[in-house]
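Note that ligands are numbered from 1 as they come in the structure, with each ligand's atoms numbered from 1 the same way. In this chain, numbering begins with 1 at the start of the sequence shown.
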Amino acid sequence: MVGPLLQRVFVPLEEKMKLRLLPTLILLSFACGVVPELPAEPAALRQELAGCQTFVDADKDGIDDGDEQCLLDRHAPVVYLPRSLDWTLPASVNWLMPRVVMRFHHSSAPDCGVLSQGYVNQYSLVSQSHRKKCWSLWKGYHHCDPTYYSSSGPWNEDQTFFLQHPNDATHSGSSYPSDWIVYGHVYRNTLGGFNAQYWFFFAYNDGPSGFNHEGDWESITVRLRADQTVDGVYFCQHGDCSTFRSPAAMSWYGGTHPYVWTADGTHASYPDESSCDGTWREGFDNSCETVSSYRWFTWSGGQAGQYGYQGGGVINVGEKGLPLNGQQFVKYYARWGEIGNSGDTSGPRTPTYQSTWDLDRGSASSCAGKCGGYAGSCWCDYACVSYGDCCSDACSACGAC
Ligand SMILES: [Ca+2]
Ligand SMILES: [Ca+2]
Ligand SMILES: [Ca+2]
Ligand SMILES: [Ca+2]
């Protein structure tokens with residue numbers, strides 16, 4: 001007779017899935033109308049975010065969506081804007097879309113119009129398809145296979161959708177701070193804690209040496225340990241997030257909100273004014289300013305009578321393919337501005353398709369976002385305890401102990 005452990009080794013993966021899904025299906029059939037229970041989170045988080053939980057996890061990352069929003073609000077930055085230097089103000093996706101057109105870039109053939117002004121929105125942005133262009137002696141330029149989609153790959157630099165501003169008036173962004181939205185992203189990190197990521201959106205990047213492009217996404221990421229204390233903050237410049245500061249080596253507002261200095265025109269994020277002013281990245285220029293009335297309080301109600309601007313709040317956009325709060329734009333696969341002569345002068349792609357999105361993300365062998373299932377090399381369901389093939393964090397992340 002073969003022992004249970006040995007048997008398991010020879011069960012094909014599909015069979016395992018069936019065996020493991022059966023109890024879940026039975027459980028679900030009894031649980032109709034009952035709010036599903038979320039995986040256990042560290043006790044410290046539960047205490048600190050008491051009253052936040054909604055018992056909903058629509059972006060399926062194993063973190064209560066209410067807790068995600070509370071974390072985002074708790075660590076939302078105060079941003080020093082260089083207002084006396086920079087004419088390119090922040091904006092939001094919803095502010096930009098009605099002002100632009102969508103086109104399709106064919107590298108060796110004339111571009112095509114896709115959506116006229118007034119027709120670009122959260123849904124149309126991610127539901128377009130367009131065919132490649134070919135050339136032949138008898139047909140000239142004509143559409144041919146394959147078809148490209150605005151919400152999925154594969155990525156092709158030479159055949160892609162992009163948004164285009166009809167004129168330069170939109171480049172200045174919005175002069176109403178209520179239009180300045182910060183896009184939030186919370187996920188499990190390699191420390192067994194959470195990363196709270198903040199994306200700033202500007203209509204235009206007016207960089208040194210002519211590195212200009214339409215559409216500009218910049219970010220910071222607050223890295224939390226498993227006990228929810230702050231490990232540090234990544235300040236990113238044009239996708240380079242190698243500037244990491246421990247809590248003691250940076251400035252805080254109200255104890256939990258990091259101060260960020262935004263560079264003139266490029267909107268890169270710095271931990272202080274001097275590192276911004278003294279870097280080659282900004283042309284060794286006076287690129288940042290520390291003026292209290294130029295502070296952008298990014299979270300709802302953050303300004304609270306202080307000098308500065310009250311922004312439009314932090315919206316949790318969810319995970320790749322699973323948007324929250326109607327932010328379908330996170331599925332948009334292509335570019336936010338006109339195609340330039342190089343990657344540095346083309347509009348950037350959506351944050352979900354930039355490497356920063358997965359900065360310090362828990363690895364595939366982690367149960368982060370995989371509770372009840374298979375994580376690539378180990379399991380995150382309750383059965384893994386008896387089978388002895390749990391991921392190392394199955395207990396802490398999913399309560400499979
Ligand atoms: Ca979630
Ligand atoms: Ca999330
Ligand atoms: Ca930039
Ligand atoms: Ca300065």
With Arg349 as the cation and Tyr333 as the aromatic partner, state whether NZ or CZ is under 6.0 Å from the six-membered ring centre and within 45° of the axis.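 Judged by the rule, Arg349 and Tyr333 form a cation-pi pair.
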Think Arg223 forms a cation-pi with Phe244, using NZ or CZ under 6.0 Å from the six-ring centre and within 45 degrees of its axis?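 The answer is yes; both the distance and angle limits are met.
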Within the 3.5 Å criterion, strictly below it, is a donor on [X] or [Y] matched to an acceptor on the partner's side chain?
X: Ser287; Y: Asp285; answer: no
X: Tyr187; Y: Asn195; answer: yes
X: Arg83; Y: Tyr309; answer: yes
X: Asp360; Y: Thr190; answer: yes

Quick one: which residue pairs count as a side-chain hydrogen bond (donor to acceptor under 3.5 Å, both in side chains) with a foot in residues 294-305, not counting sequence neighbours?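 The answer is Tyr259-Arg295.
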Qualifying disulfide (SG to SG under 2.5 Å) pairs, either residue in residues 88-128, two or more places apart: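 Pairs touching residues 88-128 that pass the test: none.
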Number of protein N, O or S atoms [distance to the Ca ion (ligand 3) under 3.0 Å]: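 Those protein atoms number 5 in total.
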Is the shortest distance from a Lys or Arg side-chain nitrogen in Arg131 or Asp145 to a carboxylate oxygen in the other one below 4.0 Å?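 A salt bridge links Arg131 with Asp145.
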Give me the protein N, O or S atoms that fall under 3.0 Å of the Ca ion (ligand 1), sorted by chain and residue number.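 The answer, once waters are left aside, is Asp57 OD1, Asp59 OD1, Asp61 OD1, Ile63 O, Asp65 OD1, Glu68 OE2.
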